[in-house]
There are 2 protein chains.
Amino acid sequence: MKLHQLRYMLEVADNNFNVSEAADAIYTSQPGISKQIRLLEDELGVPIFARDGKRLVGLTAPGRKILLRARQVFREIDNINRIGQHYADEDTGSLTIATTHTQARYVLPSIIQRFLRRYPKVNLVIKQGYPEEIVNLVIDGKADLAIATEGVASRNELISLPCYQWHRCLLVAKKHVFLKKFANKNAKKIALAEIAEYPLITYDNAFAGQQHVLDVFENAGIKPNIIITALDSDVIKTYVELKLGVGLIANTAYDPKKDKSLGLIDVSHLFRPNTTWVGVSRGSFVRNYVFDFIEMFAPHLKKKSIMASLSTE
Amino acid sequence: MKLHQLRYMLEVADNNFNVSEAADAIYTSQPGISKQIRLLEDELGVPIFARDGKRLVGLTAPGRKILLRARQVFREIDNINRIGQHYADEDTGSLTIATTHTQARYVLPSIIQRFLRRYPKVNLVIKQGYPEEIVNLVIDGKADLAIATEGVASRNELISLPCYQWHRCLLVAKKHVFLKKFANKNAKKIALAEIAEYPLITYDNAFAGQQHVLDVFENAGIKPNIIITALDSDVIKTYVELKLGVGLIANTAYDPKKDKSLGLIDVSHLFRPNTTWVGVSRGSFVRNYVFDFIEMFAPHLKKKSIMASLSTE
DNA sequence: GACGCTTACGTTCGTCGTAACTATT
DNA sequence: AATAGTTACGACGAACGTAAGCGTC
């Protein structure tokens with residue numbers, strides 16, 4: 001068995017079982033992949049890919065199991081490379097962060113600036129995606145860290161560490177009546193029914209605990225008029241600016257400097273807070289600068305305690 | 001990075017850092033290994049082996065970490081091979097059991113007979129060793145199962161399953177006075193002080209909870225006269241037959257048919273029972289016939305429940 | 001001088017890519 | 001005719017083993 005045979009196999013599986021595409025993706029010839037996969041199947045004594053005539057159309061039962069193991073092999077190969085790099089040069093390497101829109105746009109920029117000043121030689125890559133994609137990127141070794149509110153803590157393949165809590169807040173256009181009534185420090189808190197008097201613009205239901213928002217209205221017997229569900233906060237802001245309604249977004253997505261045309265109302269008494277997590281692949285070798293990044297992001301997460309979670313859990 | 005480079009590295013580490021020995025062990029040339037290890041170190045950018053002049057004398061810090069990861073790589077490669085074999089032919093393959101003297105000599109023979117009748121094509125290998133060796137064999141992928149009373153349950157790298165409990169028993173020569181006094185079903189139980197009236201022959205202190213035996217005497221304020229400490233039950237039997245004293249052995253090591261020249265006294269009220277465990281490498285692919293073997297050995301351990309422990313724990 | 005690793009070099013084997021071929025859609 | 005995979009084959013490169021070299025105990 002050769003490593004490149006396993007790599008070819010994974011590449012084919014990751015390219016819709018299209019050998020030609022896989023060949024393009026890894027800059028080699030299609031017959032080469034075909035042959036090496038045959039050799040691997042011959043050596044193991046079982047077919048890995050289900051075939052329809054000559055075409056590969058899926059995995060066999062043993063193929064599915066073999067694939068999982070092969071991924072683990074490459075995870076460890078990656079770790080070995082990381083260990084080499086780590087000892088060869090503490091401050092050089094790469095860091096790929098998979099994260100959501102909100103983090104990438106509002107939370108991470110300042111952290112990343114600090115990080116790159118400290119580690120100018122680290123090759124930093126941000127991959128934006130939806131929670132599930134993010135988590136899979138880390139599990140498949142295509143990203144080092146997952147940062148998101150949803151999906152991270154629930155996956156056993158990752159070690160997840162709570163970073164910070166955020167609350168929902170109500171976004172209104174400038175001079176909105178809510179601002180006078182509720183925006184002052186000592187003002188009384190806004191009630192759910194009052195929010196529902198206006199059309200509501202908020203996150204898509206596929207997102208960050210959005211179901212909870214609906215449940216809160218439901219339980220209160222109030223039916224909000226949700227006119228727009230968006231995939232990111234910027235879209236929500238745009239429509240709130242246009243006075244199409246009030247917005248419900250994460251407080252972290254509100255930037256007092258940039259969002260001068262918008263006002264903020266505290267609604268933390270109405271909805272439960274959310275936790276944003278950082279996820280690391282279980283058992284992976286973590287470079288020092290990655291520990292540092294995590295600590296910059298969430299100062300309570302020290303190398304020592306993360307190390308402990310990595311090995312024991 | 002090539003698999004055989006990693007293999008060479010492990011082989012050198014497992015052969016006292018002697019490249020020539022490693023070369024002999026895997027039937028290749030010494031310069032070949034030297035070169036490939038250099039190439040690997042060059043690729044990773046760090047030295048793996050500590051050198052004294054030209055000689056390899058140990059591992060560097062990165063080397064230690066890399067070695068652990070490399071072993072994991074081969075564990076998964078082994079698993080892939082097992083998966084292949086499993087689907088290619090359910091009843092063919094190999095099963096290597098690492099176990100102690102007592103198990104190998106007294107407990108396993110009948111099980112193995114049954115097993116081989118059921119799976120005549122399985123290549124069965126028994127490796128005898130001391131608890132620590134046994135466990136390491138499994139961890140290093142050189143054995144599939146560890147069967148022992150000590151050492152198995154304590155290692156986190158293994159899934160350990162309790163198989164059966166055994167008790168200590170007192171072994172005496174034929175016509176010994178104890179036999180009349182204590183061997184009958186309704187006889188009163190022997191007391192610790194009575195045992196201590198005779199020279200005692202028992203297991204070496206390095207062994208299976210032997211410390212417990214000493215503690216029991218100690219706590220009772222009785223000082224036994226231990227004249228021989230042996231590494232296996234057969235040696236103990238030999239000296240008991242010669243009437244040099246009474247023996248304290250595992251009840252599983254007493255065979256009524258073969259040991260006609262010896263008598264047995266129950267002492268289970270004096271010493272705490274011991275549990276014999278079977279250990280499997282965490283996360284390994286387990287062949288069906290291995291599940292069957294375990295069930296033959298400990299009928300309460302069904303495939304389904306073992307599978308559950310393998311994946312969740 | 002025996003041991004142990006490295007360097008040098010020719011042989012061999014395996015991998016790769018091109019090209020031709022076959023089978024599906 | 002286009003797409004997808006296999007077979008065939010020559011070229012190149014990598015790994016191996018032998019032999020010679022170098023340093024150390």
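Residue numbering restarts at 1 for every chain, and letters A, B, ... go by the order of the sequence lines. Keep in mind that what you see is a predicted model, and the values were worked out from it rather than measured. No hydrogens, no waters, no symmetry mates; every other heavy atom, side chains included, goes into these values.
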Inset, instruction - Kindly compute the distance separating CZ (B:Arg82) from CG (B:Asp144), expressed to the nearest 0.5 Å. - result: 5.5 Å
Inset, instruction - Kindly compute the distance separating CD1 (A:Ile228) from CG (A:Asp204), expressed to the nearest 0.5 Å. - result: 12.5 Å
Any residue in [range] with a heavy atom nearer than 4.0 angstrom to DNA chain D? Just list them by number, or reply none.
range: residues 37-64 of chain B; result: B:Lys54, B:Arg55
range: residues 8-24 of chain B; result: B:Tyr8
range: residues 26-36 of chain B; result: B:Tyr27, B:Thr28, B:Ser29, B:Pro31, B:Gln36

Inset, instruction - Taking only Lys NZ, Arg NE, NH1 and NH2, and the carboxylate oxygens of Asp or Glu, determine whether B:Asp91 and B:Arg287 approach each other closer than 4.0 Å. - result: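 B:Arg287 and B:Asp91: not salt-bridged.
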Legend entry - Set of residues satisfying side chain to side chain donor-acceptor pair (under 3.5 Å) with respect to B:Glu90, sequence neighbours excluded: B:His86, B:Asn288
Legend entry - Under the side chain to side chain donor-acceptor pair (under 3.5 Å) test, residues paired with B:Thr100 that sit two or more places apart: none
Legend entry - Exam field: side chain A:Arg155 to backbone A:Ala153, donor-acceptor pair closer than 3.5 Å: no
Inset, instruction - Could you please spell out the steps behind the side-chain contact (heavy atoms from CB on, under 4.5 Å) verdict for A:Arg105 and A:Asp234? - result: CA-CA 9 Å; A:Arg105 174 117 163 66; A:Asp234 287 335; 2.3 Å; yes
Legend entry - Distance-only donor-acceptor check, side chains B:Glu11 and B:Asn15, under 3.5 Å: yes
Legend entry - Integer-rounded Å distance: D:dA15 P and A:His4 NE2: 11 Å
Inset, instruction - Measure the angle between the two terminal helix axes of the helix from C:dG1-D:dC25 to C:dT25-D:dA1, five base pairs each, and quote it to 10°. - result: 20°
Inset, instruction - Answer with yes or no after comparing the ring centroid distance for B:Phe293 and B:Tyr289 against a 6.0 Å cut-off, counting only values under it. - result: no
Legend entry - With A:Gln36, the side-chain hydrogen bond (donor to acceptor under 3.5 Å, both in side chains) member among A:Glu41, A:Arg7, A:Gln5: A:Gln5
